[in-house]
Amino acid sequence: MKELAKTYNPKEIEQPIYDRWEEKKYFHAEVDESKKPFTIIMPPPNITGQLHMGHALNNTLQDIVIRQKRMQGYNALWQPGCDHASIATEVKIIETLKKEGIHKEDLGREGFLKRAWEWKEEYGGRIVNQLKKLGSSADWDRERFTMDEGVSNAVLEVFVKMYEKGWIYKGTKIINWCPKCQTSVSDAEVEHRDTAGKFWHINYPIKGEDDFIEIATTRPETMLGDTAVIVHPEDPRYQKYIGKTCILPLVGREMPIIADPYIDLEVGTGAMKVTPAHDPNDFELGKRYGLEEICVFTDDGYINENGGKYQGLSTMECRDRIVEDLEKEGLLVKVIDHEHSVGYHDRCSTIIEPMIKEQWFVKMDELIKPANKAVDEGEVRLIPARMSKLYHNWTDNIRDWCISRQLWWGHRIPAYYCEDCGEMVVSKTAPTECPKCHGTSFHQDEDCLDTWFSSALWPFSTLGWPEQTEDLKYFYPTNLLITGYDIIFFWVIRMIFSGYEQMGDRPFDAVLFTGLVRDDQGRKMSKSLGNGIDPLEVIDQYGADALRFTLATGNSPGNDMRFYMERVESNRNFANKIWNASRFILMNMPEEGIHDFDRALLTDADKWILSKVNRLSKEVTENLDKYEIGVAADKLYEFIWEEFCDWYIEMVKPRLYDETDEGKDSKKAALYTLQKVLITSLKLLHPYMPFVTEEIYTTIREYVEEENPEESIMISKWPEYDPELEFAESEEEIELIKEAVRAIRNGRTEMNVPLGKKSHVFVVSQSEKIRKIFEKGEVFFSVLAKASEVHVQADHEGIKDDAMSVSLAEVTCYVPLEDLIDKDKERERLLAEQKRLEGELKRVDGMLSNPNFVNKAPEAKINAEKEKKEKYSRMMEQVTAQLAKLG
RNA sequence: GGUGGCAUGGCUCAGUCGGUAGAGCACAUCGUUCACAUCGAUGGGGUCGUUGGUUCGAGUCCAACUGUCACCACCA
């Protein structure tokens with residue numbers, strides 16, 4: 001006889017099971033036209049990454065969906081891979097080099113890249129192994145990397161295509177510059193934070209007059225690059241200055257005073273200095289009025305040669321010096337505290353400096369149109385639906401995407417410049433001859449592409465695009481993407497427009513958004529706070545199944561969740577519960593197992609639980625089809641623990657221990673039902689708790705009734721609703737018995753009857769049908785309700801007046817407690833029940849006597865209320881009668 | 001400044017089509033020979049943020065307000 005270990009120990013079972021799955025290639029998907037594909041594209045974790053709770057959450061959800069689909073018979077592909085994470089990795093490698101005293105320039109581009117690849121080989125696989133610990137059934141044979149040859153080829157293809165179409169262009173514009181990373185970054189990478197600052201009010205002298213115009217600035221150091229002052233055309237205060245010239249203090253530059261309605265009369269002094277080279281708005285104004293653009297900063301954040309005597313100072317030092325100097329000259333009017341929004345680089349928290357530079361851009365206005373339409377028309381469904389508002393928030397205000405980065409680790413821009421004439425050629429491979437001067441030597445553009453440029457192509461580049469592969473034809477468009485709402489701008493939108501542009505079709509049917517995993521105090525888990533919980537430690541302590549179940553429940557899509565260890569623990573207990581229930585079933589299983597069972601032998605209790613698990617299969621399937629992962633999990637938990645373990649297994653025990661001949665069939669039916677319900681539950685639960693369900697399944701499979709059960713639960717058939725297993729009548733009957741049992745237990749506890757004390761139970765009903773139900777259910781009724789003997793009867797023969805009584809609609813149970821009865825207490829209890837029923841009746845009567853309700857409510861609802869009225873009235877009668885008997 | 005989420009028992013959260021509010025944890029009482037104390041039985045605890053509206057009927061739909069957390073934004 002096969003056995004399960006006495007205690008559930010996730011640590012012992014998980015690794016061997018995972019190894020076996022991998023060995024058997026269960027995760028692998030191949031094109032198979034006889035099956036329908038179901039594809040999930042994994043958000044590629046950064047190679048620099050360590051598994052954190054966010055990964056654990058979205059990979060758990062992906063695995064749940066893909067496992068279920070696989071069991072349902074889909075050709076399920078979960079396409080994994082890693083992202084080169086251009087800037088994140090480059091920063092990390094620079095740090096490592098720094099410890100060795102090496103600067104990136106010392107190595108040169110080639111040397112640096114060699115180091116980067118070495119680093120990737122060493123650490124790149126780490127997160128994949130961590131994902132495996134979680135139980136992820138991704139097709140690792142298909143693992144891709146964003147800098148693989150294939151994916152890189154897709155990147156070049158897109159770049160060249162889009163360039164030729166005119167949608168990628170090189171231009172000189174004001175961009176976000178990180179002085180620390182020394183690269184441009186996109187709008188999406190700038191994090192705006194409210195920062196305490198000051199307003200410096202400065203007098204700019206009017207040329208040739210003994211007068212000043214007062215401007216206010218939050219950044220005095222930028223005045224070195226000022227080239228104009230602007231006022232509102234209708235501002236009465238400044239009418240006299242319009243068209244005149246003022247002198248830039250400390251510098252002496254003459255600047256026009258221009259009128260433009262852009263100015264807000266309320267802000268600052270109503271007069272604004274214009275610094276076209278260092279402010280996006282000023283840049284626009286500068287273009288409009290043809291102002292000179294004077295860049296005063298170096299790339300690493302110091303004042304350059306245009307800053308005159310301030311050259312070489314850092315921006316902050318410069319600010320202090322300028323304020324000091326202005327004060328000396330009597331031009332500083334006042335300083336006011338002022339909170340304003342400052343842009344920081346999301347990677348390194350350095351203040352972003354707007355700079356004018358030549359960069360590569362993606363033109364967005366046309367590209368975004370099909371992507372917008374797709375979401376509006378539901379061709380790409382966002383879950384929850386409100387995310388489409390967030391989506392449009394971005395797409396409606398989109399600006400061209402700056403895609404060039406002054407980095408080395410990434411896809412180098414395929415633009416080549418002729419050494420002789422400077423002509424630029426954009427091409428997948430280095431040109432051999434200049435189309436203009438026929439020169440033959442070229443140098444490639446130094447810049448790399450934004451890391452998200454390659455991520456945007458992920459849904460098709462991983463499937464072989466631009467080659468028209470079988471994989472691509474079969475698996476694209478993919479079915480689902482599961483990711484955090486925090487990267488909707490970085491990634492989701494860009495995948496959608498890239499899908500339409502390159503493939504002419506959506507990249508996926510739906511996007512399921514997860515929220516953030518926070519700590520138990522609701523704080524974001526972060527390295528700096530040190531409040532992060534390592535998923536691997538949780539797995540080590542409680543098992544991957546417990547962690548997965550915790551992450552799959554207790555929240556709804558798109559909402560943040562708090563992570564509590566207590567929840568993991570209770571879910572570990574849930575796994576333990578299933579383990580022990582299975583152990584119990586296995587202990588009672590005959591050596592030869594259960595085969596060729598005749599369903600005619602089933603009792604009502606068996607039919608009840610079979611009917612319930614059958615409907616559970618239906619509901620769980622429906623919920624999962626709608627990606628209602630948490631709802632389905634709650635139903636499974638409730639069913640397995642309450643209905644199956646606490647009720648059915650307890651009900652069935654007397655039958656299992658019955659060794660008499662007449663009990664044989666009943667025992668067999670019980671065993672059949674136990675294994676059937678267990679197997680069905682295990683299968684339904686498998687996507688959530690793959691390890692424990694597999695361990696139990698493989699142990700028990702040879703005893704099950706099913707013919708040729710699969711060798712692993714993960715490739716077994718998903719339970720389907722079976723109309724033949726719908727037993728409405730049995731369900732009603734058992735639910736009635738449960739209700740009676742609960743009422744008796746409740747009464748006994750309230751009367752302080754010790755649990756060990758058994759007692760006679762009289763079940764009285766006028767209805768023959770109901771008496772039959774209780775007669776049939778006598779065996780387990782006696783166990784559950786602690787009855788020494790059960791008497792089912794139509795009259796009150798043998799029942800003393802002072803017996804404890806509990807009334808349901810058509811049945812009353814009497815428990816004679818003899819010396820244990822406390823008459824006053826029983827009276828009190830009955831009076832309380834009477835009061836409760838009074839309330840119920842009042843409510844029902846209120847509804848039924850309201851003509852509006854009776855006329856307008858649906859008939860089914862009215863009937864339900866009428867039935868309730870009937871039921872409560874009967875209960876009331878019986879409680880009242882019993883009170884009279886008590887005296 | 002704009003937009004959005006959230007507000008439900010002590011805590012954390014569910015709540016699908018509008019039809020008398022659910023779970024887990026915590027708490028209280030009782031219980032351990034026979035799957036499980038990582039357990040079982042029973043119980044207490046909620047005017048569903050406020051105010052209006054729609055409706056026979058609102059936690060659920062609408063509006064406003066309050067609190068809170070996000071996101072977006074070029075106001076010097």
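Counting non-hydrogen atoms under 4.0 angstrom, A/W647 reaches nothing in the nucleic acid. Residue A/R742 is classed as a sugar-phosphate contact, given heavy-atom separations below 4.0 Å to backbone atoms only. At the heavy-atom level, A/Y262 lies under 4.0 Å from base atoms of the strands shown. A/P354 comes within 4.0 angstrom of no nucleic acid atom, judged by non-hydrogen atoms across all strands. Heavy atoms of A/Y872 sit under 4.0 angstrom from at least one base atom. Among the protein residues, A/R572 comes within range of the nucleic acid bases, having at least one heavy atom under 4.0 Å from a base atom. Residue-level contact check: A/D646 touches the backbone only, with heavy atoms under 4.0 Å from sugar-phosphate atoms and none from bases. In this structure, A/G270 reaches the bases: a heavy-atom distance under 4.0 Å links it to at least one base atom across the strands shown. Residue-level contact check: A/R567 touches neither bases nor backbone, having no heavy atom under 4.0 Å from any strand. As judged by a 4.0 angstrom heavy-atom cut-off over every strand, A/K868 is placed among the base-contacting residues. Using a 4.0 Å heavy-atom cutoff across all strands shown, A/E628 reaches at least one base atom of the nucleic acid. Contact annotation for A/N746: backbone-only contact, meaning every heavy-atom pair under 4.0 Å involves sugar-phosphate atoms and none involves a base. A/I230 comes within 4.0 angstrom of nothing in the nucleic acid, heavy atoms only. Nucleic acid contact class of A/S556 (heavy atoms, under 4.0 Å, all strands): sugar-phosphate only.
Judged by distance alone, the side chains of A/R567 and A/T553 do bring a donor and an acceptor atom under 3.5 Å apart. Judged by distance alone, the side chains of A/K273 and A/T275 do bring a donor and an acceptor atom under 3.5 Å apart. Looking only at atom types and distance, the side chain of A/T195 has a donor-acceptor partner in the side chain of A/Y344 under 3.5 Å away. Between the side chains of A/E870 and A/S873, no donor-acceptor pair of N or O atoms lies under 3.5 Å.
In this model, a side-chain donor or acceptor of A/K653 finds a partner on the base of B/rA35 within 3.5 Å. Between the base of B/rU42 and the side chain of A/R745 there is no donor-acceptor pair shorter than 3.5 Å.
One finds a side-chain N or O of A/R562 lying less than 4.0 angstrom from the OP1 or OP2 phosphate oxygen of B/rU12. In this model, the phosphate group of B/rC36 is not approached by any side-chain N or O of A/W641 to a distance below 4.0 Å at OP1 or OP2.
When the C1' atom is used for both B/rU32 and B/rG40, the distance is 9 Å, rounded to whole Å.
In this structure, of B/rC39, B/rA73, B/rU12, it is B/rC39 that holds the atom nearest to the side chain of A/K577. Distances from the side chain of A/E650 to the nucleotides B/rC39, B/rA35, B/rU20 place B/rA35 closest.
A/V677 has its side chain within reach of A/F639: a pair of non-hydrogen atoms, C-beta onward, lies under 4.5 Å apart.
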